[in-house]
Amino acid sequence: MKSPFSLFLALRYLKPKRSFVSVITVISILGVTLGIAVMIIVLSVMKGFDTELQQTVLGFEPEVTIQSEGAIDDWRQIIARLNTTPDVVAAAPQVEGPVIAEHEHIVTTPMLEGIDPQAELKVVNLKSLIKEGVYNLDGDSVILGRTLAESLNAHLGDKITITGPGNLRKILDEIRKEGNDPNSTKKLSDLKDEVVMPADVTVTGIFESGRYEYDANVLFVSLALGQELYGLEDGVHSIAVKTANPYAAANRVRDSLNSNLLDNATAETWMDRNEDRFDAIRIERAVMFFILMFIVIVAAFGIMNTLITVTVQKTREIGIMKALGATTAQIIWVFMMQGMVVGFFGNLTGLLLGIGAVRYRNGFRYWLSQTLHIKIFPADIYDFAAIPAQIVPRDVAIICISGFLICSLAAFVPAWFAARLDPVKALRYE
């Protein structure tokens, strides 16, 4: 009785008595618990996707990329100007594009990255991604993604045949040239000596970035070999740039390059190249918040239903309390506090359940896959070997406060009608 009058009665009404009302109360708490837990799990996983995608992209792609419609022949002069540009830390040339890779009669079409190994390390630390072998691209060497290596059944020291489009381009150009020359006597069979033969390269390293798209589709060779496979002579496809800051500085460098330094090329940041994915995740995250909030709203209707039932059952008690001098505010708080207590415990249990589920998400995923014998969260679809998640305290606070306020508002309606009950009518038939 030392507790406030309204809180004392609210707790007494909430004590389980194996009645229908107590069952509804438990169901209401479970509804709030599930709603809060699901929101925390879903939003944490989607935030984890966003953060992990950014970290993976930044660990593999340059912060700014300079590209042209054709080959960049004056890349040395551009790099020299980049080295004097504010916010630019380093720059490296690249040859990139699709090739045909073959090993043991297994053929794939990965993306080739021809790089200067030492210059590239200043832009992207690829050396840290090597899981087997060494970071070595001297001569005819290649570094493969782990998934690509498994697809080709290739291991360290194996020979892989890489065929670039430079071969076909030279043949087609020569055919067009000879076809347009009516006096030409060269036969197609004579072109075999002018064809650049496919390159046999040795696997010296296997990398693992953590993103399926990279691990299954990218291989690295030296810049000279990439130029040879694409028939670029001394040209490159792009220039990779590292900036002082991957966010603000990258945008400043891009704007500066596009407005001042580059003539026939354009610069874009890592955010520009992956803008669609980042925007999709953020939009889905915002939409999921509002959709999942309806679970809490449905649970709040359960709380309202419980309190309406209680007010009907406690009509006599309400009449007596008002006859003894209980104020309208005290009656409102009796039933409001019931809803607030239910909302508090629902939020608390939902918070614990949500954080626990996020903490053990990958263990549960593994157990579920083993039990159901199906692949849960396949890496070839979602690009990640494990389920990423990041709990943001601000988001958790918004979820819990929103859930508590919804439960409190749901309790206010029956509390208001209970407080307006006329004590004479309540006691007339008692």
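What you see is a predicted model; the values in this text were computed from it and never measured.
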Gap separating the [atom1] atom of [X] from the [atom2] atom of [Y], nearest 0.5 angstrom:
X: Asp138; Y: Thr204; atom1: CG; atom2: OG1; answer: 8.5 Å
X: Gln227; Y: His237; atom1: CD; atom2: NE2; answer: 9.5 Å
X: Asn347; Y: Ile36; atom1: CG; atom2: CD1; answer: 4.5 Å
X: Asp140; Y: Thr202; atom1: CG; atom2: OG1; answer: 7.5 Å

Within the structure provided, determine whether [X] and [Y] are in side-chain contact (heavy-atom separation under 4.5 Å).
X: Phe404; Y: Leu348; value: no
X: Glu213; Y: Phe60; value: no
X: Phe344; Y: Val341; value: no
X: Arg361; Y: Ile41; value: no

### Query
Quick one: do the Ser209 and Asp215 side chains pair a donor with an acceptor below 3.5 Å?
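A donor-acceptor contact under 3.5 Å links the two side chains.
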
### Message
Could you check whether Gln390 and Glu52, counting side-chain N and O atoms only, form a donor-acceptor pair closer than 3.5 Å?
### Response
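There is no such pair between these side chains.
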
Does [X] have more than 12 heavy atoms from other residues, nucleotides or ligands lying within 6.0 Å of its [atom1]?
X: Phe301; atom1: CZ; answer: no
X: Arg359; atom1: CZ; answer: no
X: Gln77; atom1: CD; answer: yes
X: Phe345; atom1: CZ; answer: no

### NZ/NE/NH1/NH2 to OD/OE distance under 4.0 Å, Asp50 and Arg285
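No salt bridge links Asp50 with Arg285.
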
Can you check whether [Y]'s main-chain N or O pairs, donor with acceptor, with [X]'s side chain at less than 3.5 Å?
X: Ser68; Y: Ala71; answer: no
X: Asp87; Y: Ala244; answer: no
X: Ser256; Y: Arg252; answer: no
X: Trp75; Y: Gln94; answer: no

### Task
Examine Tyr360 together with Trp367 and report whether their ring centres are nearer than 6.0 Å.
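Between Tyr360 and Trp367, the centre distance exceeds or equals 6.0 Å.
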
### Query
In this structure, which one of Ile130, Val134, Ile115 forms a side chain to side chain contact (heavy atoms under 4.5 Å, CB included) with Ile143?
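Only one option passes, and that is Ile130.
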
#### Entry: Given Asp116, Asp73, Ile79, Ile72, the one that forms side chain to side chain contact (heavy atoms under 4.5 Å, CB included) with Val236
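The side chain to side chain contact (heavy atoms under 4.5 Å, CB included) with Val236 is passed solely by Ile72 among Asp116, Asp73, Ile79, Ile72.
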
### Message
Under the criterion salt bridge (charged side-chain N to carboxylate O under 4.0 Å, His left out), I'd like the reasoning laid out for Asp272 against Arg254: C-alpha separation, chi angles, the key distance, then a yes or no.
### Response
CA-CA 10 Å; Asp272 297 331; Arg254 175 200 59 194; 2.9 Å; yes

